[in-house]
Amino acid sequence: MNAAARNREILETAFAEAARGNGAAFRDAMADDIRWTVPGTMRCSKTYEGKENVLVGLFRPVMAQLDANFSYRATRFVAEDDIVVVQLEGRNTTTSGKPYNNSYCYVCRMEDGKLKDVVEYLDTKLFSELIEPGAFPAK
Amino acid sequence: MSAAANKELMQEIYDELAKGNRMPFRNAMAEDFRWIMKGKTAWSRTYEGRNAVRIELLQPLFEQFGSDYKNTPLRIFADGDHVIVECEGRVTTKSGKPYNNQYCLIFRIENGKIKEMTEYLDTALVNETLAPPPWFTKAA
């Protein structure tokens, strides 16, 4: 199996587990020194350096705005060498009961079987309206 | 075509777009090209066919631009029929606002033509910077 196929399989497994509500599998796939970038013009748009900063600085405040564990399903994987691009469709509800169905595209760089660098594209308008005010309030 | 050939095609198209030349992109669109723009903006929908892409998306979009549009590729990857292009646009709207969006585009290529593209972008920036397309106002 070549590198692309191996990396793709690792992420297919991690996202299949995440779709079943097992977020631990995805967290386990993250390298300790992962870099996670949210491009764009939102208050939370930046690069989060290291797993702890990603989990505490990004994932935790977002999850706190949802009424249940984060739920999404991968719709396509495209892999070349150490890169795997994953398209995802989320199906979630905010704590105030609004549907939060965002679309994501993760550009992932893998190293030694772990996620080393992720660039996360998403519908920033929807995020800004439903998640950002509670998760990343204006200073 | 191989992944390498598809990647080369998109690399050439984006090298030209970086210089402001949109013709290679236009020429590579299949007649039944589908452009899927993700998100919940006034522009977000699926544009079916090259004519709809030109008339309902590109014409009204470029109508709002007040400077030359340049789009620079950051990274390009390919896997079979699919080519991923991460790129950065640079343009100023006629009302003087910078519209510098970052995109992740997923292309599907068939026989050297672009059959489908799914576009992820900073939709909050679209919403803040661009006016809705004319057909959106009419439909609303």
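What you see is a predicted model; the values in this text were computed from it and never measured.
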Problem - chain B contact via A:Val85 - side chain, backbone, both or neither, heavy atoms under 4.5 Å - result: side chain

Exercise for the section: Using a cut-off of under 4.5 Å on heavy-atom pairs, state which of B:Gly80, B:Gly39, B:Ala3, B:Cys104 scores highest against chain A. Expected result: B:Cys104

Exercise for the section: Treating Ile, Leu, Val, Met, Phe, Trp and Tyr as nodes and any side-chain heavy-atom pair under 4.5 angstrom as an edge, say whether A:Phe70 and A:Leu55 lie in one connected cluster. Expected result: yes

Fill in the blank from the handout: When the 4.5 angstrom heavy-atom criterion is applied to B:Ile84 and chain A, the contacting part is side chain

Could you list every donor-acceptor pair linking chain A to chain B (distance under 3.5 Å, backbone and side chains)?
unit_1	atom_1	unit_2	atom_2	d
A:Thr41	N	B:Asp122	OD2	2.8
A:Thr41	OG1	B:Asp122	OD2	2.7
A:Arg76	NE	B:His82	NE2	3.4
A:Ala79	N	B:Asp79	OD2	2.7
A:Glu80	OE1	B:Lys7	NZ	3.2
A:Glu80	OE1	B:Ala78	N	2.6
A:Glu80	OE2	B:Lys7	NZ	2.8
A:Gln87	NE2	B:Tyr120	OH	2.9
A:Glu89	OE2	B:Lys38	NZ	2.8
A:Asn101	O	B:Lys40	NZ	3.3
A:Tyr121	OH	B:Glu86	OE2	2.7
A:Tyr121	OH	B:Gln102	NE2	2.9
A:Asp123	OD1	B:Thr123	OG1	2.5
A:Asp123	OD2	B:Lys40	N	3.0
A:Thr124	N	B:Thr123	OG1	2.8
A:Thr124	OG1	B:Asp122	OD1	2.5
A:Thr124	OG1	B:Thr123	N	2.8
A:Thr124	OG1	B:Thr123	OG1	3.2
A:Thr124	OG1	B:Ala124	N	2.8
A:Lys125	N	B:Thr123	OG1	2.8
A:Lys125	NZ	B:Lys40	O	3.3

Problem - Hydrophobic cluster membership, B:Leu9 vs B:Met29, 4.5 Å side-chain cutoff - result: yes

Practice task
Against chain B, label A:Phe127 side chain, backbone, both or neither, depending on which of its atoms sit under 4.5 Å from a heavy atom there.
Solution key: neither

Handout entry: Per-residue contact mode, B:Ile106 against chain A (heavy atom under 4.5 angstrom)
Key = side chain

Handout entry: Hydrophobic cluster membership, A:Ile34 vs A:Ile83, 4.5 Å side-chain cutoff
Key = no

Problem - Verify same cluster id: B:Val126, B:Val53 (apolar side-chain graph, 4.5 Å) - result: yes

Handout entry: B:Met10 reachable from B:Met117 in the ILVMFWY side-chain graph, under 4.5 Å edges
Key = yes

